[in-house]
Amino acid sequence: MDIKDLLIKEAMIMDLQATEKKGAIDEMVQKMYDAGRITDIATYKEGILAREAQTSTGLGDGIAMPHAKNSAVKEATVLFAKSNKGVDYESLDGQPTYLFFMIAAPEGANDTHLQALAALSRLLVNPDFVAQLKQAATPDQVQQLFDSAEKAKEEEEKQEAAEEEVKDFNRKYIVAVTACPTGIAHTYMAEDALKKKAKELGVDIKVETNGSEGIKHRLTAEDIERAAGVIVAADKKVEMNRFDGKKLINRPVSDGIRKPEELIEMALSGKAPVYHGDGSSDSAEETSDNGTVGQRIYKDLMNGVSHMLPFVIGGGIMIALSFMIDQFMGVPNSELANLGNYNQAASMFNQIGGAAFGFMLPVLAGFIASSISDRPGLIAGFAAGALANTGGAGFLGALIGGFLAGYVIVLLRKVFSGLPKSLDGIKSILFYPFFGLMITGFLMLLINIPMKAINDGLNGFLTGLGGSNAILLGALLGGMMAIDLGGPINKAAYVFGTATLATTVATGGSIVMAAVMAGGMVPPLAIFVATRLFKNKFEKSQVDAGLTNIVMGLSFVTEGAIPFAAADPIRVIPSFVVGSAVAGGLVGAFSIKLLAPHGGIFVALLVSNPIMYLAFIIIGAIISGVIYGLLKKPVEQ
C-alpha cells in the first residue's frame with residue numbers, strides 16, 4: 001500500500017476554518033465521516049481526544065498529527081488539512097499550526113497499513129517538503145508532492161543501507177529507542193529526526209522503533225556495548241534493563257522530534273546519568289534526566305490517581321445507588337443507621353460498591369510506587385495502601401505510603417547493585433518483594449500513628465463543616481478547579497474531594513465533593529453564557545464552540561474551556577475563578593452534599609438539594625460569563 005492510497009482527495013481540507021483546537025478536531029473528524037472512512041464520529045473522536053490528553057500531537061513547526069486506532073475506522077486513512085490563518089492547537093512550541101495529518105487506523109490494521117503510515121511520518125521531518133505542502137492549493141498538488149517525496153525517500157534509504165554495511169569504528173556512535181503510545185506517527189518521526197541530525201553532526205546512530213509494527217531495528221548487545229550513550233525518546237514503557245551501566249538520556253518522544261541535536265550532544269558529552277536496571281526484562285524506570293523533581297512527583301501521583309479513580313467512581317455511584325434504593329423502598333426510623341443495607345436490593349449494590357471502595361487506597365499507593373520503581377514497587381505499594389486503610393491513616397496515609405514504597409525499592413536497587421550478575425534474576429522475584437514489603441510495612445505501622453490523628457482531625461472538621469468554615473473551604477476548592485482547568489491545581493482539588501467520599505457516604509455525602517464539582521462545572525458553562533451575551537466579541541467558530549461547552553459543563557468536563565483560556569488567559573482565568581469560587585462557597589454555605597465523584601447533571605439525584613445546587617452553579621456561570629464578556633476585547637472586523 002502506498003501513501004497515496006491513504007491520502008485520498010475526498011478526505012482533504014484545503015482551507016480549514018477553525019482557529020482553535022477543539023473546532024479543528026471537530027471539522028476534521030466530520031470530514032473523515034463525510035468521506036466514508038469512519039462509521040461513528042463519537043467513537044473515533046474519543047480516540048483522538050484520548051491521545052491528545054496524553055500529550056499534544058501539535059509537534060511544532062506548524063505541524064500536527066492527531067491520530068487514533070479504534071473500531072470506528074472502516075479503512076486506514078490520512079486526512080490532510082491546511083489552515084491559512086493558523087490554529088491554536090496547543091502545540092509543543094506554542095506556535096500556530098498550519099498543516100494537519102489526521103490518521104485513522106482500524107483496530108486490526110495490518111503491517112501494510114502501518115508501514116505506509118510510518119513512511120508518511122518520516123516524510124514530515126523534511127522542512128523543504130513541509131514548506132512545499134504549505135503552498136499547495138489543490139488535493140492533486142498534495143498527492144503529487146507526496147509521490148515525489150516518497151520516491152526521493154526510497155533512494156535515500158537505499159543509500160543509508162549501503163553506508164550502514166560498512167562500519168567505521170573510529171566514528172562516534174550512539175543508539176536510541178523511540179516509542180509513542182499508539183506507535184503510528186511520533187515513533188517514526190523521532191527516528192528520522194535523530195538519524196538526520198546525527199548524519200549532519202558526523203555521528204553514527206542506530207535507532208530501534210517500538211511502534212505498531214512491533215520492534216524494528218532491535219538493538220543488539222553488541223550495539224549497546226559499542227555505544228557512547230543511549231537516547232530513549234518514548235512516551236510508553238520500553239525494555240530498559242539492557243542499558244544497565246550505560247549513560248542514558250530518557251525524554252518524551254516529542255523531544256526526539258524537536259530536539260534531536262540536544263539529545264545527541266548530551267549522549268556524546270558523557271554528562272548523562274548512568275542507568276541502573278533491576279534485573280527484570282522489561283523495566284522502564286525513569287532516570288533523573290526525565291523532567292524536574294516537581295514534574296516527576298506530579299507524574300507519579302497522577303499515575304496513582306488515574307488508576308484509583310475508576311474504583312472511586314464506580315464504587316461511589318454503586319454505594320450512592322444503594323442509599324437511593326433504600327430511600328425509595330423505605331427504611332424505618334429505628335433502622336436509619338443501616339441505610340444502604342436495609343433492603344436486600346440496596347444491600348447488594350452497597351456490597352459491590354464497598355468492594356470497589358476497598359481497593360481504592362491500595363491501588364492509589366500501589367500505582368504511585370510502580371510509577372517510581374516499576375513492577376517491584378507494586379507489592380510494597382499495595383501493602384502500604386492496605387495498611388493505611390486498616391490503620392486509619394486514610395487517603396493521606398496511602399499517598400505517603402505510595403511514595404515511601406517506591407523509593408524503598410529505589411534504595412534497594414542501589415543496595416543490591418553490587419551483587420553478582422548471576423543473582424540478577426532473583427532480585428525481582430525475591431529480594432525486592434520481600435525486603436520492600438518488610439521495610440515499607442514496618443515504616444507504615446509507624447507512620448499510621450500520626451497520620452491517623454491527622455486524618456481523624458481532618459475528617460472531624462469536614463464532617464462538622466458549617467457556617468463560615470464551609471463557605472471558605474467551598475470557595476477555595478471551587479476556585480482551584482478553575483485555575484488551570486484540568487492541570488495540577490485542578491487535580492489536587494478533585495483528588496481532595498474524592499478522598500472525602502469514603503468517610504461521608506454514611507452521612508449523606510460530601511460537601512467538599514459537591515463544592516469541587518460545582519466549581520468544575522462553571523468554566524465551560526461560563527463560556528456558553530459569554531458567547532451568547534457578547535456575540536460581537538467572539539468569532540463565529542468561538543460562538544459555535546460555546547454551544548458545545550454547555551454540554552461539557554453540564555457533564556463536569558472542565559477541560560472544555562481550555563481553548564478559550566489558552567487564547568486569552570489573563571482575562572479568562574480570573575473570570576472563571578470568581579464564578580467557580582462563588583458557586584463553591586454557596587454550596588458550602590448551604591451544606592449541600594454529593595454522593596458521587598463525577599457525572600455533573602447526570603447525578604443530580606445524588607445531591608442533597610439538586611434544585612438549589614444547580615441554581616448555584618448557574619449563578620457562578622453567569623458571574624464568570626459576564627465578567628469574561630466585559631473584559632474581552634471585541635473581535636477585529
Asks: Using a 6.0 Å cut-off, check whether atom OH of Y33 has over 12 heavy atoms from anything other than its own residue.
Replies: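 Counting neighbours around OH of Y33, 12 or fewer heavy atoms of other residues, nucleotides or ligands fall under 6.0 Å, so no.
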Asks: Can you tell me how far CG of L533 sits from CZ of F538, rounded to the nearest 0.5 angstrom?
Replies: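 It is 9.5 Å, given to the nearest 0.5 Å.
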Asks: When you measure from the side chain of K535 to the backbone of V543, do you find a donor-acceptor pair of N or O atoms at a distance under 3.5 Å?
Replies: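 The answer is no, because no donor-acceptor pair under 3.5 Å joins these two groups.
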Asks: Quick check against the 3.5 Å criterion: does E52 have a side-chain atom that pairs as donor or acceptor with the backbone of P66?
Replies: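 Between the backbone of P66 and the side chain of E52 there is no qualifying donor-acceptor contact (under 3.5 Å).
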Asks: So do the side chains of N341 and S347 get within less than 4.5 Å of each other, counting heavy atoms only?
Replies: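 Sidechains of S347 and N341: in contact.
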Asks: As an exercise, state the distance from CE of M513 to NZ of K593, rounded to the nearest 0.5 Å.
Replies: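 Rounded to the nearest 0.5 Å, the CE-NZ separation comes out at 15.5 Å.
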Asks: I need the minimum non-hydrogen distance between P362 and A386, along with the two atoms involved.
Replies: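 Between these two residues, the closest heavy atoms are CG-N, 3.8 Å.
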Asks: Between N448 (side chain only) and L387 (backbone N and O only), is there a donor and an acceptor less than 3.5 Å apart?
Replies: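 Yes: the side chain of N448 pairs with the backbone of L387.
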Asks: Flag the pair P523 / S580 as yes when at least one side-chain heavy-atom distance between them is below 4.5 Å, and no otherwise.
Replies: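 Side chain of P523 against side chain of S580, heavy atoms only: contact under 4.5 Å found.
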Asks: When rounded to the nearest 0.5 angstrom, what distance separates CD1 in I611 from CZ in F616?
Replies: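 Rounded to the nearest 0.5 Å, the CD1-CZ separation comes out at 12.0 Å.
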Asks: Search all heavy atoms of G629 against all heavy atoms of A530 and return the closest pair with its distance.
Replies: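 In terms of heavy atoms, the two residues are closest at N-CB, 4.5 Å.
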Asks: Going from CG on L364 to CG on N389, what distance comes out if it is rounded to the nearest 0.5 angstrom?
Replies: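 If we round to the nearest 0.5 Å, L364:CG and N389:CG are 11.0 Å apart.
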Asks: How many angstroms lie between OH in Y613 and CD1 in I618, if you round to the nearest 0.5 Å?
Replies: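 Atom-to-atom, Y613:OH and I618:CD1 are 12.0 Å apart.
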Asks: Restricting to side-chain hydrogen bond (donor to acceptor under 3.5 Å, both in side chains), what partner residues turn up for D255, sequence neighbours left out?
Replies: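 If we apply the side-chain hydrogen bond (donor to acceptor under 3.5 Å, both in side chains) test to D255, skipping adjacent residues, the hits are R251.
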Asks: Looking at S370, is its backbone amide N or carbonyl O close enough to the side chain of S373 to form a donor-acceptor pair, meaning the two atoms are under 3.5 Å apart?
Replies: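 Side chain of S373 to backbone of S370, a donor-acceptor pair under 3.5 Å: no, none is there.
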Asks: Is there side-chain contact between I25 and F100, with at least one heavy-atom pair below 4.5 Å?
Replies: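 No, every pair of side-chain atoms sits at 4.5 Å or beyond.
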Asks: Hey, mind stepping through D300 and F367 against side-chain contact (heavy atoms from CB on, under 4.5 Å) and telling me if it holds?
Replies: CA-CA 8 Å; D300 298 334; F367 282 95; over 6 Å; no
Asks: Please test V29 against I38 for side-chain contact (heavy atoms from CB on, under 4.5 Å), starting from the C-alpha separation and ending with a verdict.
Replies: CA-CA 9 Å; V29 171; I38 60 174; 4.0 Å; yes
Asks: How far apart are the closest heavy atoms of A398 and A388, and which atoms are they?
Replies: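 A398 and A388 have their closest heavy atoms at N-CB, 3.5 Å.
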Asks: To the nearest 0.5 Å, what is the distance between CE (M28) and OH (Y44)?
Replies: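 Separation between the atoms: 8.5 Å.
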Asks: When you compare the side chain of M481 with that of F556, does any pair of heavy atoms fall below 4.5 Å?
Replies: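 A side-chain contact exists here, since the closest heavy-atom pair is under 4.5 Å.
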Asks: Any side-chain heavy atom of T19 sitting closer than 4.5 Å to one from D88?
Replies: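 Of all side-chain heavy-atom pairs linking D88 with T19, none is under 4.5 Å.
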Asks: Counting distance only, does the side-chain N/O of T97 pair as donor-acceptor with the main-chain N or O of Y89 below 3.5 Å?
Replies: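 No.
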Asks: Test your reading of the model: is there a side-chain donor-acceptor pair from E20 to the backbone of A18, 3.5 Å cut-off?
Replies: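 No.
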Asks: Would you confirm whether K31, through its side chain, and L79, through its main-chain N or O, come within 3.5 Å as a donor-acceptor pair?
Replies: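 Flag not set: sc K31 to bb L79 has no pair under 3.5 Å.
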Asks: Which atoms form the tightest heavy-atom contact between I372 and F403, and what is the distance?
Replies: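 Smallest heavy-atom distance, with atoms named: CD1-CD2, 3.7 Å.
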Asks: Carefully, step by step, assess Q30 and D26 under the rule side-chain contact (heavy atoms from CB on, under 4.5 Å).
Replies: CA-CA 6 Å; Q30 184 64 52; D26 288 342; over 6 Å; no
Asks: To check you understand the geometry: which heavy-atom pair defines the closest contact between L631 and S575, and what is its length?
Replies: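 Taking every non-hydrogen atom into account, CD1-OG, 3.8 Å.
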Asks: Is T43 close to S71 at the side-chain level, that is, under 4.5 Å between some pair of heavy atoms?
Replies: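 Side chain of S71 against side chain of T43, heavy atoms only: contact under 4.5 Å found.
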Asks: With heavy-atom distances below 4.5 Å as the criterion, would you say the side chains of R532 and L547 are in contact?
Replies: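 Sidechains of L547 and R532: in contact.
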Asks: Begin with the C-alpha distance, continue with both residues' side-chain angles, and end with the deciding distance and a verdict on side-chain contact (heavy atoms from CB on, under 4.5 Å) for N609 and F590.
Replies: CA-CA 9 Å; N609 192 327; F590 287 84; over 6 Å; no
Asks: What are the two closest heavy atoms between M444 and G397, and how far apart are they?
Replies: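 It is CE-O, 3.8 Å.
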